[in-house]
Amino acid sequence: MAVTTAERRRAEVAPAERKPIRYYVDHIIRYVLLTLFALLFFAPFILAFLGTFKTNREITAWPPQILPELWRWENWERAWNVKIGAIENIFPRWIFNSLWLALGKTALQLFFSSLAAYSFARLRFRGKELIFSFMIASMAIPGAVTLIPGYVFYSKLGWVNTYLPLIIPTLTVAGGIFLLTQFFKSIPRELEEAAYIDGASRFRIYWNVILPMSKPALITFAILQFQAAWNDFIGPLLYLRRPQLMTLTVGLNYFKSQYRTDWSAILIGSMINAIPILIIFFLFSKYYTDTGASAAVKG
Amino acid sequence: MAVQAAQPGGGPPGASQSGKMMQRRETIAGYLFLSPYLITTAIFFVGLLLYAFFISFTNLRATFQASYEFVGLQNYVEALTDREFHKSLINAFWYFIIVTTLQTAGAIALAVILNAPIKARRLYRTLFYAPSVTSSVVISMIFLWLYLRTGFINYAFSMIGLPSGTNWMASPNGIFQNVVSLFGIDASGWPYFLKGPSVTWTAIMAMNIFTTIPTFMVMFLAALQNIPDQLYEAAGIDGASAWQQFWQITLPLLRPTIVLVIVLSTIGTLQVFDQAFVMTKGGPLDTSLTPVLLIYTKTLGEDTPANASLAAAMAFILAAIIFIITLIQRRYLERGTEQYF
C-alpha cells in the first residue's frame, strides 16, 4: 500500500512540473466559458438597448433583427417628450420622482438607522437586549403582510397620493441597523473614550468619531437602500395613483396596454432605469459582499 | 465627575451615587438614539399589523365603507375555501419549488465549472449581477418583449428547430397536461394541481431562474474559494473521482451558502408579485395569479369588487405558510449559517 501511495504522489507531482502549459490552457478555457456565460446572461440587456434605436414596427417584426436598420437616436428624444393625457414631459418627471425619492429615503435611513445602531452597539441600558431581539424577529415577517393591508391604514390617514407612506414607515431599516450595529461594535473604544474625556457629548461622538470611521458599512448600506428604493415597485404602485406623482418603475406600465404597446418607450424607460444602477454597481462593486447581505437587507 | 465615571476601574468614594446618575443619563441617551426606530416601529409595524389583524375579523370591504362589524373567523373560512386563493397558492407553490431548486442547482453547477479566482472580477461581476441589481419591473418588461410571438425567444427556438409559434404569455395549458397529451391522454379534466404550472407561468419561472442563476453563482464562487485545495489533493491521492469529490467535499462545504440561498429564495418566491403584475396581471385563466397579486387586487378593488378584510385574512394565512416553511427549512438544513442572519 505504501508503495502505491508513494507512486501516486509521484504521479501527482509530475504534472505539477508541467504547470505553466496546463495552467494557461485551463485559464483560457475558463475565461472563454466565463465570457460566454456572461454574454448569455447579459444578452437581454444588449438586445433591449439595441431595441431602443428601432421603430415600433421593427421591434415586433419577424424574424427579429439584432441590430437596428438605422440608429434612431431621435427615439430617445421622442420618449423624453412623450405626453400622457395633458401632462407633458412625463418621463423627466418620473425620473425626477424616482431620483429624489431614492436619494431622500436613503439619506434619512442612513441617519436614523445609524443612530439606532450606535445605541445598540455602545450604550448600556435596560431593555436593550429585548428590543434588539424583537428587531431581529421582526425581519422574519414577510413584507407583503404589512404592506398591502396597510393600504387601508394609510388611506384613513389621508396618505394615499403622497410620498409619506413610502418614506415615514421605513425611516429605519431593521436589516440596516443590524449591519451597522455589527460594524460599530468592531470599532475600538479607545478613540471614543478620548473624546468623552474631552467632554464631547454622545451625539458628537457618534457624529465625529463613529460615523467617519464607518464609511465602508455606510456606503454598503446606502447603495443597497438606494437600489431598493429606485427599483421599488409595489410601494409606489399602491400609494402613488396619479401619473405625475409616479416613479419610473410604475410609470413604465402606462406604455403597456392590451391594444397598443409602445415598446420603444418601454425599452428606453427600462434602460433609463437600469443604466444608473449598473454604473453604481460597477463603481462600488467592492462594497457588495457575496454572502447575500444585499438580499437580506432588501427583503 | 463625568471624567472619573468614564474611566474604568475603581472610582473614588461616592462613585456609586454618580454611577447611578451616569447610568440614568446613559439610559436616557440610549432611548433617545433609539426613538426614531421605536416610534416608527410602534406605529407602522406593530400598529399596522394589529390594525390589519383586526380588519381581518371584520366585514370591511371598501376602504371608506361607513360602518363595519366584527364577523369572527368568517374571512379566514372564506379565504381557505376560495377557489382563486387555492389557485394562487398552487401557482406560488410551483414557483417556489421549481425556481428554488433549479436556480440553486444551476448556480452550483456553473460555479463548479468556472471555479477559479477571476481576474477582471469587477467587469464579470457587473455583467453577472446585472439582472439581479436591475428592477424586476425592467427585467419583466424586457422579457415580455423577448417572449412576444415574434420575439427573440421564439426566434432562438426556430434556429434550433423547435416549434416557434408559441404565444408564451397566453398559454394556460399545464405543462404536465401538455406532456401527457403527447401520449394521447387528455388531461383537460384533471384537477388544477395535477395539470402542473401553465406554459405562461413556466415561462415566467424560466425568466426568474435565468436572471438569478448568475447572482447566486457568484455567491457560490466566493464560497468555493474558501475550500482549501489540500482537501481535493488528499482526496485525489486517495483515489476519489472528480464526481466523488464533488459529492463528498464540495457540496457539504457549500452547505451554509446553499441554505442561505434556499431560505432567501423561499421567502422571495412565495411573495412573487412584480413579474406577474407586469407580465400577465395573473392571466391567462388565473394560471399566473399569485397570492400577493390576489391580495393586492382584493384590497384595491381592481378588476374585482374590493374586499379588504378578506385580503387581510389571506395576507395572514400567506405569512403563516411562509413562516412555517422557512422554520422547517432552518430546522433541518441550517447548521452554522447563523452568521448571515
Side-chain angles (χ1 to χ4, degrees), chain A residues 8 12 30 33-34 37-38 41-42 44-45 47-48 60-64 112 115-116 118-119 123-126 128 138 141-142 144-146 148-153 155 169 171-172 193 196-197 202 227 231 233-234 249 252-253 263 266 270 273-274 277-278 281-282 285 290-292 295 299, chain B residues 3 6 26-27 29-30 33-34 36-37 40 44-45 48-49 51-52 55 63 110 113-114 116 122 124-131 133-135 137-138 141-142 145-146 148 150-152 155 214 218-219 222 237 260 264 267 271 273-274 278 292 295-296 299 308 311-312 315-316 319 322 340:
Chain A
R8 270 193 206 130
E12 280 296 310
R30 210 156 258 156
L33 277 178
L34 197 62
F37 281 126
F41 288 119
F42 201 67
F45 290 91
L47 291 174
T60 54
W62 179 268
F112 288 112
L115 274 182
Y118 176 72
S119 182
L123 301 176
R124 272 164 305 168
F125 54 92
R126 195 173 291 205
K128 186 173 89 168
S138 76
I141 305 276
V145 176
T146 49
I148 302 176
Y151 183 80
V152 180
F153 185 80
S155 298
L171 280 179
T172 58
E193 271 158 17
Y196 199 69
I197 289 164
R202 298 265 181 215
Q227 182 194 321
N231 289 344
F233 179 59
I234 192 166
T249 50
L252 276 184
N253 288 279
W263 283 111
I266 287 182
S270 298
N273 189 276
I277 287 291
L278 294 179
F281 184 79
F282 181 73
S285 166
D290 292 323
T291 55
Chain B
V3 176
E26 193 160 341
T27 303
F33 275 97
L34 271 186
Y37 169 75
T40 52
F44 300 106
F45 181 73
L48 197 62
L49 267 184
Y51 184 71
I55 283 179
T63 307
L110 265 189
I113 292 172
L114 298 175
R122 241 166 121 190
Y124 282 113
R125 269 179 60 154
T126 309
L127 293 176
F128 281 128
Y129 266 82
V133 294
T134 314
S135 154
V137 173
V138 166
M141 288 288 185
I142 294 175
W145 171 59
L146 298 177
L148 285 179
T150 57
F152 279 98
Y155 185 61
V218 179
M219 281 171 60
I237 289 165
L260 175 74
L264 290 176
I267 297 170
Q271 293 187 80
F273 173 82
D274 299 3
V278 171
V292 178
I295 294 165
Y296 170 87
T299 305
F316 280 103
I322 294 174
Y340 296 119

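Below, each value reflects all heavy atoms present in this structure, side chains not excepted, and no hydrogens, waters or symmetry copies. To find a chain, count down the sequence lines: A is the first, B the second, and so on, and within it residues start at 1.
Note that CH2 of A/Trp263 and CG of B/Leu148 are 5.0 Å apart. Values are rounded to the nearest 0.5 Å. Interatomic distance, CZ of B/Phe273 versus CD1 of A/Ile234, reported as 4.0 Å (0.5 Å rounding). The OG1 atom of A/Thr172 lies 11.0 Å from the CZ atom of B/Phe45; values are rounded to the nearest 0.5 Å. To the nearest 0.5 Å, atom CZ of residue B/Phe128 and atom CZ of residue A/Phe42 are 11.5 Å apart.
Contacts between A/Ile266 and chain B at a heavy-atom distance below 4.5 Å involve the side chain alone, from C-beta outward. Interface remark: A/Arg126 contributes backbone atoms only to the contact with chain B (heavy atom separation under 4.5 Å). For a residue to count as touching a neighbouring chain, one of its non-hydrogen atoms must lie under 4.5 Å from one of that chain's; by this rule B/Ile295 touches chain A with backbone and side chain alike. Contact of B/Leu110 with chain A is made through the side chain alone, with heavy-atom distances under 4.5 Å. For A/Phe153, the parts lying under 4.5 angstrom from a heavy atom of chain B are both the backbone and the side chain. Proximity to chain A (any heavy atom under 4.5 Å) is restricted, for B/Ala308, to the side chain, taken from C-beta onward.
Inter-residue side-chain proximity for B/Phe44 and A/Leu171 is flagged as unmet; no heavy-atom pair is nearer than 4.5 Å. You'll find the side chain of B/Met141 reaches within 4.5 Å of the side chain of A/Asn253, heavy atoms only.
Between A/Trp62 and B/Tyr155, the ring-plane angle classifies as perpendicular under the 30° and 60° cut-offs.
Note on B/Val292, B/Thr40, B/Ile322, B/Leu34: by heavy-atom pairs under 4.5 Å with chain A, the leading option is B/Leu34. Taking chain A as the reference chain and counting heavy-atom pairs below 4.5 Å, the highest number among B/Pro131, B/Ala52, B/Pro214, B/Gly151 is found for B/Pro214. Among B/Pro36, B/Ala312, B/Ala29, the residue with the largest count of heavy-atom pairs under 4.5 Å with chain A is B/Pro36. In terms of non-hydrogen atom pairs under 4.5 Å with chain B, the most contact-rich of A/Pro149, A/Ala116, A/Ser270, A/Pro64 is A/Pro64.
The backbone N or O of A/Arg124 sits less than 3.5 Å from a side-chain atom of B/Glu26, completing a donor-acceptor pair. No donor-acceptor pair under 3.5 Å is formed between the side chain of B/Thr27 and the backbone N or O of A/Phe125.
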Criterion side-chain contact (heavy atoms from CB on, under 4.5 Å) on A/Val152 and B/Tyr51, from CA distance to verdict: CA-CA 9 Å; A/Val152 180; B/Tyr51 184 71; 3.8 Å; yes
Working for side-chain contact (heavy atoms from CB on, under 4.5 Å), residues B/Tyr124 and A/Leu34: CA-CA 8 Å; B/Tyr124 282 113; A/Leu34 197 62; 3.7 Å; yes
Test log, rule side-chain contact (heavy atoms from CB on, under 4.5 Å), inputs B/Val138 and A/Phe233: CA-CA 10 Å; B/Val138 166; A/Phe233 179 59; over 6 Å; no
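A/Phe112 has its ring centre no less than 6.0 Å from the ring centre of B/Tyr37.
Scanning both residues, A/Pro44 and B/Ile142, for their nearest heavy atoms gives O-CG2, 3.6 Å. Nearest heavy-atom pair across B/Ser135 and A/Thr249 is OG-CG2, 3.5 Å. For B/Thr134 against A/Ile277, the heavy-atom pair with the smallest separation is N-CG2, 4.5 Å. What you find for B/Phe33 and A/Arg202 is that their closest heavy atoms are CE1-CB, 3.7 Å. Across all non-hydrogen atoms, the minimal contact from A/Asn231 to B/Val133 is ND2-O, 2.8 Å.
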